[in-house]
Amino acid sequence: MTKPIARIVFSLILCLVFPAAVAAQSSHSIWSKKPLLVKDGQTNTEYNSFVKGNAALAWKESTLRGYAHAVAVVTPNLRYDFMLIKTTSSNADEINGLWDVRRNGVLVCHNCIGKAYMLAPSQIPPGNYFKIYVGTPTAYAEKWFYSGDKTERFDF
């Protein structure tokens, strides 16, 4: 095979193999049925015992396409909802954006800057959990907090 033909073949292989590998794993979803910790950003109270809770996060890397909603029921009279309302950036490990936080259905933090992270798979224990931190409408801060166990994960 001549040198120009070898270069063409090699270039075609690179063009076909690498984009397919990157595109194949750029969308992700995580489901959780087990909240681990919630922190109330107004009272600074932390909760680690729950009646029930669920979370669903889905995103496409490097795009503004993302969804996140996490719910923790501390008692029958105390419930927290963390909802991503606008994605500003994402990668394999985190989703950044604007969040709403509700306590018992009442909006306590609206359009607040936050992120969900530790979303990538981890082989190092205790790496099977994720975190959501939400600050204020003007700045990111580790004020409001939700952490949950990664019950299911799908990459496609």
Side-chain angles (χ1 to χ4, degrees), residues 17-156:
V17 173
F18 286 111
V22 171
Q25 296 296 315
S26 65
S27 294
H28 314 283
S29 68
I30 293 174
W31 298 354
S32 174
K33 294 181 182 177
K34 184 179 177 188
L36 300 174
L37 187 69
V38 168
K39 180 183 174 188
D40 188 305
Q42 290 179 334
T43 66
N44 287 324
T45 305
E46 293 185 356
Y47 303 97
N48 60 11
S49 179
F50 304 95
V51 174
K52 65 180 178 176
N54 290 294
L57 300 92
W59 72 105
K60 183 165 178 59
E61 289 178 30
S62 303
T63 72
L64 301 180
R65 293 186 210 128
Y67 171 84
H69 186 194
V71 176
V73 180
V74 180
T75 68
N77 298 318
L78 183 58
R79 171 189 168 119
Y80 289 89
D81 285 87
F82 290 70
M83 179 157 296
L84 177 68
I85 56 172
K86 181 180 181 184
T87 303
T88 56
S89 68
S90 66
N91 60 41
D93 193 50
E94 68 183 50
I95 307 168
N96 297 290
L98 300 178
W99 296 74
D100 279 353
V101 179
R102 295 179 185 272
R103 183 192 314 114
N104 293 331
V106 177
L107 198 56
V108 290
C109 195
H110 176 58
N111 278 340
C112 295
I113 300 168
K115 68 180 178 178
Y117 69 105
M118 293 180 62
L119 303 176
S122 175
Q123 303 301 322
I124 303 169
N128 199 34
Y129 63 94
F130 65 93
K131 296 180 178 183
I132 298 171
Y133 273 114
V134 179
T136 70
T138 57
Y140 170 79
E142 295 182 353
K143 188 173 178 180
W144 298 89
F145 177 68
Y146 182 105
S147 179
D149 187 41
K150 296 178 199 169
T151 308
E152 298 284 338
R153 179 184 177 88
F154 300 99
D155 299 299
F156 51 97

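Along the sequence shown, residues are numbered consecutively beginning with 1.
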Sidechain-backbone polar pair: Ser62 side chain, Asn91 backbone, donor-acceptor under 3.5 Å: no
Side chain Asn54, main chain Lys33, donor-acceptor under 3.5 Å: no
Non-hydrogen side-chain atoms of Thr136 and Ile113 separated by less than 4.5 Å: no
Residue pairs, two or more places apart or on separate chains, that pass ring-ring contact (aromatic ring centres under 6.0 Å, His included) and touch residues 136-155: Trp31-Phe154, Phe82-Tyr146, Tyr133-Phe145
Rounded distance (nearest 0.5 Å) linking atom CZ of Phe130 with atom CG of Asp93: 12.5 Å
Spacing of Met118 atom CE and Lys150 atom NZ [to the nearest 0.5 Å]: 6.5 Å
For residues 69-80, tabulate all N or O donor-acceptor pairs below 3.5 Å that involve a side-chain atom, not counting sequence neighbours.
| unit_1 | atom_1 | unit_2 | atom_2 | d |
| --- | --- | --- | --- | --- |
| His69 | NE2 | Asp81 | OD2 | 3.0 |
| Thr75 | OG1 | Asn77 | N | 3.2 |
| Thr75 | OG1 | Leu78 | N | 3.1 |
| Arg79 | NE | Asp81 | OD1 | 2.9 |
| Arg79 | NH2 | Asp81 | OD2 | 3.2 |
| Tyr80 | OH | Asp40 | OD2 | 2.6 |

Minimum side-chain heavy-atom gap Val108-Gln42 below 4.5 Å: yes
Evaluation steps, side chain to side chain contact (heavy atoms under 4.5 Å, CB included), between Trp59 and Thr87: CA-CA 9 Å; Trp59 72 105; Thr87 303; over 6 Å; no
Nearest atoms (heavy-atom pairs only) where Leu57 meets Ala116: CD2-CB, 3.7 Å
Note, Asn96 side chain near Glu94 side chain (heavy atom, < 4.5 Å): yes
Side-chain (Ser90) to main-chain (Arg65) donor-acceptor, under 3.5 angstrom: no
Pair listing, salt bridge (Lys or Arg N to Asp or Glu O under 4.0 Å) test, anchored in residues 130-149, at least two apart: none
Ser32 side chain vs Gly148 backbone, donor-acceptor pair below 3.5 Å: no
Shortest non-hydrogen contact between Ser147 and Tyr129, atoms and distance: OG-CD1, 3.8 Å
Disulfide (SG to SG under 2.5 Å) contacts in which one or both residues fall within residues 67-116, not counting sequence neighbours: Cys109-Cys112
All pairs passing side-chain hydrogen bond (donor to acceptor under 3.5 Å, both in side chains) where residues 111-121 contributes a residue, at least two apart: none
Closest non-hydrogen atom pair, Lys60 against Ser26: NZ-OG, 2.9 Å
Nearest-0.5 Å distance, CZ of residue Arg153 to NE2 of residue His28: 6.0 Å
Pair listing, disulfide (SG to SG under 2.5 Å) test, anchored in residues 53-97, at least two apart: none
Interatomic spacing from CG in Leu64 to CD1 in Ile95 - rounded to 0.5 Å: 12.0 Å
